[in-house]
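Convention: sequence-line order gives letters A, B, ...; per-chain numbering from 1. Computed from a predicted structure; not experimentally measured.
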Amino acid sequence: MYPLEECKQEITQMLTDALASLQYPGDVHLETPPPGMGQYAFPCFTLAPVMKKAPQAIAATIAATLRPGGWVDRVEAKGGYVNFYLNPTRLTDATLHLILKRKDTYGWLEAHKEHVIIEHTSANPNGPLHVGRARNPIIGDTLVRLFKAAGYHVSSQFYLDDMGKQVAILAWGLKHLDPSTIPAPETDKDDHRLVGYYQRANELMEQNPSVAEEINTIIQGLEHGDPASLTMVHNAYAPVLAGIQTSLQRINIGVDAYVPESRFVLDGSVDAVIRKLKQTPYCHEEDGAFYLDVESFGIHGRNMKFFFLRKDGTTLYATRDVAYHQWKATQASALVNVLGEDHKLESRQVEIALTLLKTQPVPQAIFYSFVSLPGGKMSTRRGRVVYLDDLIEECIARAYEEVKQRRSEELSDQQMRTIAEQVGIGALRYNIIKVQPEKDIVFKWEEALNFEGNAVPFIQYAHARACSILAKASVTRHSFDASLLTHPSEMLLVEQLTRFPVVIDEACQNRRPNLIANYVYETAAAFNQFYRDCPVLSESNHVLRASRLSLVDAARIVLANALAILGIAAPKEM
RNA sequence: GGGCCUGUAGCCUAGACUGGAUAGGGCGACAGCCUCCUAAGCUGUAGGCCGCGGGUUCGAAUCCCGCCAGGCCCGCCA
């Protein structure tokens, strides 16, 4: 148990006892007061009407009943609140000891057995990843890291659509199109090289019914498990998928398993889903096709029919998705899916089907809205895109210019390139993860590449500063006296470091990775203020100097750990 | 036509689930701070009917209802 958890429990117990002895009703809900008013606050407003007394009077009565002790230094009634002030020395002492002992696992919650599968990215392998959906892998991977920090056993999955129209179009294009008619890509990366075939084939399909027919034949072949069709499509998308994997690795994202859709068609589980869905009372037939009537599940709109079987007997994406989720459900106690907001209806349909089939657990979806361009949304089909690879390169190039400007005197080109890579990629991930997933983002180069203020270099720089102090002091062994760290900037920094486990807990429980980004920014800001106010190396009091060095090391550890959850490098120098 | 999401200073954003103390930050603007641990930093100033209107409450950016604006969806596509 981490210090703040102990404090909260102790205060809750104190208050519960006090309320009981005063014969006041109600539960204890603690709040965090504004700075300077203690660490915990108990609002008395809800008691006022019941007790027929002013909240201020109630707060005073409760405060008078409480006797400080343990973690609690002092209790004070103020404006209808009972404020609790924790013993700063004890809190500092406990926090620093814990951080210096746990090091790169400080903040991590106790490990448990619960297994969660996080599905993310799952992009059609018909072209490079583009910025419009770039939030998906970044949110997904950050959730993976966050759940691990919160003690879960986690695995990530990429659901690979090797059965659908998109890959069939790509395969047709590769087979029939003359390479000289395809516009040359800017790189020789396979996903960029092949997307032109998809785009051209898509155009032809829209113009020419016979092309559409040929593509349909491929899809039919896939659905019936025809080996030739499967091989053709696999050979078409495999290099594209490899390109996507390379892009993901570039931004520190590894996926544990790529699960192909075809697996669930081939092993008969999709057939089983169809059989069982047909037996439910919600199933109806129309023109030889089958659907579930989902109106009674709260789905509204023009069409309340969830079709799961076409009249030609082939299945649909959502049907196969149901089979996939049944399979996933056997392996984990919780499922999380990171999906674009365009998948809301499909996701709900799958959820309804899973409920009808009595499958547990039902997946929980995290939806993000698309990144659009100032002129509208991105589209691979129409070629109106900014590719993730291009954005990565721009971020690194821009970061390189910044490092060069500042450090070309002291650092080698190799060192500057390493730093630029860390900063550029960090900037990309940070800019995306710091914003709530459901907010719309309009992509603008000048914003994406802005490296000042609430941006990753600010945080990485604070970390580098801490490393620099520690390197110059060359400490081998920590010894500190917590009672000397009394400067407001020191206390603020310690309080911030103390909160880290609470933040991880909250971010994970609410599935909100952006809280970690907020936290790491605030921590860096607290460190920079400490850096300004409290000279470390030049401090003449040896005990205070040593204590500050311990605090610097603790801050360094927390910044690095929080950045690790975000998948962002923590450079030792910048 | 219907459903879901979003709306906070010139721009971007936190806080909303779980209602509470003066709505935090950042960019941009203006004014300062390097003989001192990397100034990618720090300090200060200006800038807010928290989209609009009603309701619930001792108390609403937060909950409820109705509008308005933007995004997404309503296919035997994925």
Does A:His29 reach a base, just sugar-phosphate, or nothing at all? Heavy atoms under 4.0 Å.
nothing
Residue A:Arg406, side-chain atoms from C-beta onward, closest of B:U18, B:A40, B:G26
B:A40
Parallel, tilted or perpendicular: rings of A:Tyr324 and A:Tyr159 (30°, 60°)
parallel
Would you check, one step at a time, whether the test salt bridge (charged side-chain N to carboxylate O under 4.0 Å, His left out) holds for A:Arg512 with A:Glu506?
CA-CA 8 Å; A:Arg512 294 185 43 204; A:Glu506 199 187 330; 5.7 Å; no
Starting from P on B:G26, measure out to CD on A:Glu522 and report it in whole angstrom.
11 Å
Out of B:G70, B:C77, B:C73, which has the shortest distance to the side chain of A:Arg310?
B:C77
If you look at every strand shown and take non-hydrogen atoms under 4.0 Å, does A:Arg320 touch a base, only sugar-phosphate, or nothing?
sugar-phosphate
Kindly state which residues belonging to residues 454-465 of chain A come within less than 4.0 angstrom of RNA chain B, counting heavy atoms of the residue only, listed by number.
A:Asn454, A:Pro457, A:Phe458, A:Tyr461, A:Ala464, A:Arg465
Identify which nucleotide among B:A21, B:G71, B:C73 has an atom closest to any side-chain atom of A:Asp440, counting heavy atoms from C-beta outward.
B:G71
Heavy atoms only, 4.0 Å cut-off, all strands: where does A:Val552 land among base, sugar-phosphate and nothing?
nothing
Given the P atoms of B:U6 and B:U13, what is the spacing between them in whole Å?
13 Å
What nucleic acid atoms does A:Ala41 come within less than 4.0 Å of, heavy atoms only: base, sugar-phosphate, or nothing?
base
What nitrogen or oxygen pairs link the protein and nucleotides 56-62 of chain B at under 3.5 Å?
none

Just to be sure I understand the rule, does A:Glu410 reach a base, reach only the sugar-phosphate, or reach nothing, if contact means heavy atoms closer than 4.0 Å?
nothing
From OH of A:Tyr430 over to P of B:A40, roughly how many Å is that when rounded to an integer?
18 Å
As a test of reading the structure: which of B:G41, B:C72, B:G15 is closest to the side chain of A:Asn528, going by heavy atoms?
B:G41
Taking all atoms of both residues into account, what is the closest heavy-atom pair of A:Val28 and A:Phe42, and its distance?
CA-CE1, 4.1 Å
Can you measure A:Ile568 atom CD1 to B:A40 atom P for me and round it to whole angstrom units?
20 Å
So what does A:Asn510 hit on the nucleic acid, given a heavy-atom distance under 4.0 Å: a base, only sugar-phosphate, or nothing?
base
Atom CG in A:Leu493, atom CZ in A:Arg548: separation rounded to 0.5 Å?
11.5 Å
For a quick check of understanding: with a heavy-atom distance under 4.0 Å over all strands, which category does A:Lys377 fall into, base, sugar-phosphate or nothing?
sugar-phosphate
Identify which nucleotide among B:U38, B:G71, B:C42 has an atom closest to any side-chain atom of A:Tyr531, counting heavy atoms from C-beta outward.
B:U38
Heavy atoms under 4.0 Å, any strand shown: does A:Glu452 hit a base, just sugar-phosphate, or nothing?
sugar-phosphate
Nucleotide B:C76, atom C1' - distance to CZ of A:Phe307 in whole Å:
6 Å
On a whole-Å scale, what distance lies between the C1' atoms belonging to B:C37 and B:G25?
27 Å
Classify A:Lys472 by what it touches in the nucleic acid, base, sugar-phosphate, or nothing, heavy-atom distance under 4.0 Å.
sugar-phosphate
If you draw a 6.0 Å radius around CG in A:Asp27, do more than 12 non-hydrogen atoms from other residues or ligands fall strictly inside?
no
Using a 4.0 Å heavy-atom cut-off, does A:Leu515 contact any base of the nucleic acid, only the sugar-phosphate backbone, or nothing at all?
sugar-phosphate
Pick base, sugar-phosphate or nothing for A:Glu31, based on heavy-atom distances below 4.0 Å to the nucleic acid.
base
Can you tell me the pairing partner of B:A29 across any strand shown, Watson-Crick or G-U wobble, with both distances under 3.5 angstrom?
B:U45
Apply salt bridge (charged side-chain N to carboxylate O under 4.0 Å, His left out) to residues A:Glu495 and A:Arg499 and explain how you reach the verdict.
CA-CA 6 Å; A:Glu495 267 191 54; A:Arg499 282 180 51 222; over 6 Å; no
Is A:Asn83 side chain donor-acceptor paired with the B:A21 base, going by distance under 3.5 Å alone?
yes
I'd like the P distance from B:G24 over to B:U45, given in whole Å.
13 Å
Starting at the 5' end of RNA chain B, which residue's closest nucleotide do you reach first, A:Lys165 or A:Asn450?
A:Asn450
Would you say A:Ser468 reaches B:U38's phosphate, i.e. side-chain N/O to OP1/OP2 under 4.0 Å?
yes
Quick one: label A:Cys44 by what it contacts on the DNA or RNA (base, sugar-phosphate, nothing), any heavy atom closer than 4.0 Å.
nothing
Out of B:A21, B:C37, B:C72, minimum distance to the side chain of A:Pro33 belongs to B:A21
Is the distance from OP1 or OP2 of B:A14 to the nearest side-chain N or O of A:Gln436 less than 4.0 Å?
yes
Work out how far the C1' atom of B:A61 is from that of B:C76, and round it to whole angstrom.
45 Å
If you only use heavy atoms from C-beta on, which nucleotide in B:A16, B:A21, B:C12 is closest to the side chain of A:Glu447?
B:C12
Over all strands shown, is A:Asp533 touching base, sugar-phosphate only, or nothing at heavy-atom distances under 4.0 angstrom?
nothing
Heavy atoms only, 4.0 Å cut-off, all strands: where does A:Glu573 land among base, sugar-phosphate and nothing?
base
What is the distance, rounded to the nearest whole Å, between atom CZ of A:Arg532 and atom C1' of B:C34?
15 Å
In terms of relative ring orientation, are A:Tyr237 and A:His234 parallel, tilted or perpendicular, with 30° and 60° separating the classes?
perpendicular
